[in-house]
Amino acid sequence: PKHEIKIGEIANELGFRNVSLSSNVIAMRKAVPRGFTACADAYLTPGIREYVENFSNGFSDRLKGVNVLFMQSDGGLTPMSEFFGSRAVLSGPAGGVVGHAVTTTQLEQEFSAGVHKPRAVIGFDMGGTSTDVSRFAGRYEHVFETTTAGVTIQAPQLDINTVAAGGGSRLFFGNGLLTVGPESAGANPGPSSYGKEGPLTITDANLVLGRLIPDFFPKIFGKNENEPLNVSAAKVNFNILAEKINSHLTEINSPRMSIEEIAMGYLDVANETMCRPIRALTQGKGFDTSKHVLACFGGAGGQHACSIAVKLGIQTVYVHKYSGILSAYGIALADVVEDEQEPCNLLYTEDNFSYIDGRIDTLSQKCIGKLENKGFSMVDIEISTFLHLRYTSTDHALMCEANEIAKNSCKLALYKETFLSRYQIEFGFILHEREIFVD
């Protein structure tokens, strides 16, 4: 990357405060996603550094000597000084994954009591603007390359699917269809019931159906932020919307609908929208959705969890006592993580096993060294190694961890076993004559 380093030096000399080099951000193959990742890092990192700086300035001595850790997209914690944009894209939802994985697994183990194997968990995190879903079956599921809002990011991330459906998702009617989102009312003006002349949202639908009780909410709404939730405002706007919907129904000789029926219809649309990413993480990868338990959290999750469970055939829903703040709680439960990666571009054959093992050992020692410098001893350090494998002449790679028997070695071909097993589950077939490539 000599050319990149030289350009970086020139940019620093010209006074650029932040310079993101793809060779530093993500030194991997594929020029286009590598460029996307570097651009995303260059866009996000200055904002993150400004936030961290302002955060530090609020404390005496600017937190000097204090170990402050931030959550990364891979579910691990990293020191404040090493928190960069490309590793922060899914840092919030990642905290939720750790939270539901740890807390629900404990409950499931107690429930099974050795009688049956603990069931896999689906995390259902419904907030104000979006819903994040994830799956945990004894270990975190990572992906190396994801596309978010049309931008492909190459970085280790937890496998989280996001859909634009949350408590603040707006309700629309057009061409005879009820539509929810992806537009959101945001925090200001917020839903109609916030008393700031906002649009109708999922929150308003839950309110008019009696699923939200205003007496349980603080009086922080209205233009002066001293009023309770405004049920009347939500009903007024629903009546206006009902007139539009019923006018259409009259034209096609269909029975009219009450505002409660309309609100329930919008909730049904939203629930189906939120079921799709769950099916993608389960059925789309060869798992039976009904064999999971649903871990519900997030500000709006409790209002929809049972309906989601019914649609998916799930019989058990867990709601943790910290469900409203489980993402924050998950950060407190997470481990400090160091990761190293490098491109390989070799076939997964015995001729290359020695080289691959050597590189794994080198990368492992780098991580161990960084953790030891942070005060961790080998007793507290656990090493996990992954190979990004795919069939030759294909573009879909899987992050594969070796079977525990392999002891961080590919000599016994146990990475291949993991790859073939996952490929069979996800795609339903195996290409027996096709060679496997290590990205």
Side-chain angles (χ1 to χ4, degrees), residues 73-75 90 93-94 97-98 100-101 104-105 108-109 112 116-124 132-147 152 154 156-163 274-295 308-309 311-316 344 347-349 356 384-410 412-439:
S73 300
D74 61 3
L90 294 176
V97 176
V98 176
H100 86 72
T104 308
T105 300
E108 186 60 14
Q109 288 172 344
S112 62
H116 60 80
K117 183 180 179 182
R119 292 164 292 181
V121 183
I122 294 171
F124 175 67
D132 302 307
V133 299
S134 54
R135 181 178 182 273
F136 182 79
R139 63 178 59 186
Y140 297 111
E141 298 186 5
H142 289 85
V143 292
F144 177 71
E145 184 175 299
T146 58
T147 301
T152 301
Q154 278 191 337
Q157 302 176 39
L158 291 173
D159 194 1
I160 301 170
N161 281 12
T162 300
V163 61
M274 291 183 287
C275 282
R276 292 172 190 164
I278 295 177
R279 294 190 183 104
L281 279 178
T282 53
Q283 296 173 2
K285 295 188 176 183
F287 302 106
D288 185 349
T289 310
S290 65
K291 302 298 183 184
H292 294 67
V293 297
L294 188 69
I308 296 292
K311 282 181 174 290
L312 297 172
I314 294 174
Q315 297 182 2
T316 305
C344 182
L347 290 173
Y348 190 83
T349 60
I356 296 173
S384 297
T385 60
F386 297 84
L387 294 183
H388 205 226
L389 302 176
R390 61 182 172 86
Y391 280 121
T392 54
S393 302
T394 68
D395 196 47
H396 189 90
L398 298 174
M399 285 274 277
C400 297
E401 187 175 13
N403 187 297
E404 292 181 4
I405 303 173
K407 295 180 180 179
N408 302 324
S409 169
C410 58
L412 299 178
L414 292 178
Y415 286 96
K416 181 178 179 180
E417 287 186 8
T418 303
F419 173 77
L420 294 178
S421 174
R422 287 188 57 191
Y423 206 92
Q424 175 69 48
I425 291 173
E426 189 162 337
F427 297 103
F429 62 89
I430 294 175
L431 303 174
H432 294 283
E433 305 301 323
R434 190 73 63 89
E435 292 182 305
I436 297 174
F437 193 79
V438 184
D439 277 347

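Heavy atoms only: backbone and side chains are in, while hydrogens, waters and symmetry mates are out. Everything quoted here is computed from the prediction, not taken from an experiment. If you read the sequence from its start, that first residue is 1, and numbering goes on from there.
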Asks: Inspect the surroundings of CG in D288 and state if more than 12 heavy atoms from other residues, nucleotides or ligands are less than 6.0 Å away.
Replies: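 Enclosed: over 12 neighbouring heavy atoms sit under 6.0 Å from CG of D288.
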Asks: Atom CZ of F386 and atom CE of M399: how far apart are they, to the nearest 0.5 Å?
Replies: 6.0 Å
Asks: Can you give me the closest heavy-atom contact between G75 and L158, atom names plus distance?
Replies: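 Here G75 and L158 meet closest at CA-CD1, 3.8 Å.
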Asks: Please report the shortest heavy-atom distance between I160 and S134, naming the atom on each side.
Replies: CG1-CB, 4.4 Å
Asks: Do side-chain atoms of Y391 reach the backbone of L431 as a donor and acceptor pair under 3.5 angstrom?
Replies: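 Yes; at least one donor-acceptor contact below 3.5 Å.
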Asks: Indicate yes or no for a side-chain donor-acceptor contact from S421 to the backbone of T418 under 3.5 Å, with no hydrogens or angles considered.
Replies: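 No; judged by distance alone, with no hydrogens or angles, the pair does not exist.
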Asks: Can you name the closest pair of heavy atoms from N161 and L281 and give their distance?
Replies: ND2-CG, 3.9 Å
Asks: Using 0.5 Å steps for rounding, measure from the OG atom of S290 to the CD atom of Q315.
Replies: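 It comes to 7.5 Å.
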Asks: Taking the ring centre of each residue, are F419 and Y348 less than 6.0 Å apart?
Replies: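 No: the rings miss the under 6.0 Å criterion.
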Asks: For R119 and T316, which heavy atoms make the closest approach, and how far apart are they?
Replies: NH1-OG1, 3.1 Å
Asks: Output, in order, the C-alpha distance, side-chain angles, deciding distance and verdict of side-chain contact (heavy atoms from CB on, under 4.5 Å) for R390 and V438.
Replies: CA-CA 7 Å; R390 61 182 172 86; V438 184; over 6 Å; no
Asks: Classify the angle between the aromatic ring planes of Y423 and F427 as parallel (below 30°), tilted (30 to 60°) or perpendicular (above 60°).
Replies: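 Tilted.
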Asks: Roughly how far apart are R135 CZ and I122 CD1, rounded to 0.5 Å?
Replies: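 Going from CZ on R135 over to CD1 on I122, the span is 8.0 Å.
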Asks: Just checking, any donor-acceptor pair under 3.5 angstrom between side chains of Y415 and T385?
Replies: yes
Asks: Over all heavy atoms of both residues, which pair between T394 and R434 is shortest? Give the atoms and the distance, please.
Replies: CG2-NH1, 3.7 Å
Asks: Give, for atom CG of L398 and atom CG of L387, the distance between the pair rounded to the nearest 0.5 Å.
Replies: 12.0 Å
Asks: Between the main-chain N or O of L90 and the side-chain N or O of S73, is there a donor-acceptor pair closer than 3.5 Å?
Replies: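 At least one qualifying donor-acceptor pair exists.
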Asks: Mind checking the NE2-CG spacing from H100 to D132? Nearest 0.5 Å is all I need.
Replies: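 Output value for this atom pair is 10.0 Å.
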Asks: Enter the distance from L389:CG to C400:SG here, rounded to the nearest 0.5 Å.
Replies: 4.5 Å
Asks: Can you give me the closest heavy-atom contact between K311 and R279, atom names plus distance?
Replies: O-NH2, 4.1 Å
Asks: Please report the C-alpha distance between R139 and S384 in whole Å, then the side-chain angles of each, then the deciding distance to 0.1 Å, and finally whether the side-chain hydrogen bond (donor to acceptor under 3.5 Å, both in side chains) criterion is met.
Replies: CA-CA 11 Å; R139 63 178 59 186; S384 297; over 6 Å; no
Asks: Quick test of your reading of the model: are D159 and K285 salt-bridged, counting only N-O distances below 4.0 Å?
Replies: yes
